[in-house]
S.K.: 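Got a structure for you, written out below as structure tokens; questions coming shortly.
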Amino acid sequence: MAAAALRDQLTALLSSMFTQGLVDEQFQQLQMLQDEGGTPGFVSEVVTLFCDDADRIINEIASLLEQPVVNFDKVDAYVHQLKGSSASVGAQKVKFTCMQFRQFCQDKSREGCLMALAVVRNDFYDLRNKFQTMLQLEQQIQAYDPKQQ
């Protein structure tokens, strides 16, 4: 009974993530790879690596934008890397924000980049919180029924 309620919560969470545009069909593909491959923890590992990497990249970008002379090419390279990581896990909203961010880099606009950084950081933190909730629910479901992924 409790496992079923947790599965319902997980389904509702995932549905809301899609509805809000936080994730796209690429994330669904990752889930299907886990289900079809029978590799428990695959999505958890990919999501955790993405979150760690994205957090590091966002901090690097923030540091670069604090410099007296901003190296916009370097900022753009980091934003491009974040966009690629986001696309690979299906983090749609972060990916779209990065696309806009890159325009500010090309325009060499510190103010635009700082605004875009605030938005990408916010989008990422929102997604990371949802991913953490998702992983906690999956762990709780696993504890009730070890055969479940």
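From a predicted model like this one, the values you see are computed outputs, not experimental measurements.
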S.K.: For the side chain of Ser15 and the backbone of Thr11, is there at least one donor-acceptor N/O pair under 3.5 Å apart?
M.R.: no

S.K.: So how far is it from Leu114 CG to Ile61 CD1, rounded to the nearest 0.5 Å?
M.R.: 11.5 Å

S.K.: Below 4.5 Å, heavy atoms only, C-beta onward: do Gln140 and Leu137 meet side chain to side chain?
M.R.: yes

S.K.: Are Val70 and Leu64 close enough that some pair of their side-chain heavy atoms sits under 4.5 Å apart?
M.R.: no

S.K.: Could you tell me which non-hydrogen atom of Tyr144 sits nearest to which non-hydrogen atom of Ala3, and how far apart they are?
M.R.: CB-CB, 3.7 Å

S.K.: Residues two or more places apart in sequence or in another chain: which of them pass side-chain hydrogen bond (donor to acceptor under 3.5 Å, both in side chains) with Asn122?
M.R.: none

S.K.: Is there a side-chain contact between Val75 and Asn71 (heavy atoms, below 4.5 Å)?
M.R.: no

S.K.: Same hydrophobic cluster for Leu14 and Leu127, using side-chain heavy-atom links shorter than 4.5 Å among ILVMFWY?
M.R.: yes

S.K.: With rounding to the nearest 0.5 Å, note down the distance linking CG in Leu82 to CZ in Phe101.
M.R.: 8.5 Å

S.K.: If I compare all heavy atoms of Gly21 with all of Gln92, which pair ends up nearest, and what's the gap?
M.R.: O-NE2, 3.3 Å

S.K.: Decide yes or no for Val120 and Val79: does some side-chain heavy atom of the first lie under 4.5 Å from some side-chain heavy atom of the second?
M.R.: no

S.K.: Tell me if a side-chain donor or acceptor on Gln34 pairs with a main-chain N or O of Phe42 at a distance below 3.5 Å.
M.R.: yes

S.K.: Is it the case that one hydrophobic cluster holds both Leu117 and Met115, taking links as side-chain heavy atoms less than 4.5 Å apart, direct or via other members?
M.R.: no

S.K.: How would you list all residue pairs meeting side chain to side chain donor-acceptor pair (under 3.5 Å) that involve residues 93-117, not counting sequence neighbours?
M.R.: Asp76-Arg102, His80-Arg102, Thr97-Asp123, Gln103-Asp107

S.K.: Taking the inter-plane angle between the rings of Phe18 and Phe27 on a 0 to 90° scale, is it parallel (under 30°), tilted (30 to 60°) or perpendicular (over 60°)?
M.R.: tilted

S.K.: If we only count heavy atoms from C-beta on, is the Leu13 to Phe131 side-chain gap below 4.5 Å?
M.R.: no

S.K.: Can you sort out the partners of Glu45 under side-chain contact (heavy atoms from CB on, under 4.5 Å), two or more places apart, ordered by chain and number?
M.R.: Leu49

S.K.: Please find the pair of heavy atoms, one from Cys113 and one from Leu65, that lie closest to each other, and give the distance.
M.R.: CB-CD2, 3.7 Å

S.K.: Listed by chain and number, what are the side-chain contact (heavy atoms from CB on, under 4.5 Å) partners of Gln139, not counting sequence neighbours?
M.R.: none

S.K.: Is there a side-chain contact (heavy atoms from CB on, under 4.5 Å) between Phe96 and Asp24? Walk through the geometry before answering.
M.R.: CA-CA 11 Å; Phe96 286 151; Asp24 60 18; over 6 Å; no

S.K.: Between Val89 and Val23, is any pair of side-chain heavy atoms under 4.5 Å apart?
M.R.: no

S.K.: When rounded to the nearest 0.5 angstrom, what is the spacing between OG in Ser86 and CG in Leu22?
M.R.: 11.5 Å

S.K.: Are Gln9 and Thr133 packed together at the side-chain level, in the sense that at least one heavy-atom pair is separated by less than 4.5 angstrom?
M.R.: no

S.K.: Taking side chain to side chain donor-acceptor pair (under 3.5 Å) as the cut-off, I'd like each qualifying pair that reaches into residues 61-70, sequence neighbours left out, listed once.
M.R.: none

S.K.: Show your reasoning for whether side-chain contact (heavy atoms from CB on, under 4.5 Å) applies to Met134 and Leu10.
M.R.: CA-CA 6 Å; Met134 176 193 81; Leu10 180 59; 3.6 Å; yes

S.K.: Do Ile57 and Val94 sit in the same hydrophobic cluster, where Ile, Leu, Val, Met, Phe, Trp and Tyr count as joined when their side-chain heavy atoms come under 4.5 Å apart?
M.R.: yes

S.K.: Answer whether the closest heavy-atom distance between the side chains of Asp55 and Phe124 falls below 4.5 Å.
M.R.: yes

S.K.: Grab the two heavy atoms, one from Arg121 and one from Ala62, that are nearest each other, plus how far apart they are.
M.R.: NH2-CB, 3.4 Å

S.K.: Just jot down the salt bridge (Lys or Arg N to Asp or Glu O under 4.0 Å) partners of Asp126, sequence neighbours excluded, or say none.
M.R.: Lys130

S.K.: Rounded to the nearest 0.5 Å, how far apart are CD of Gln142 and CD of Glu138?
M.R.: 9.0 Å

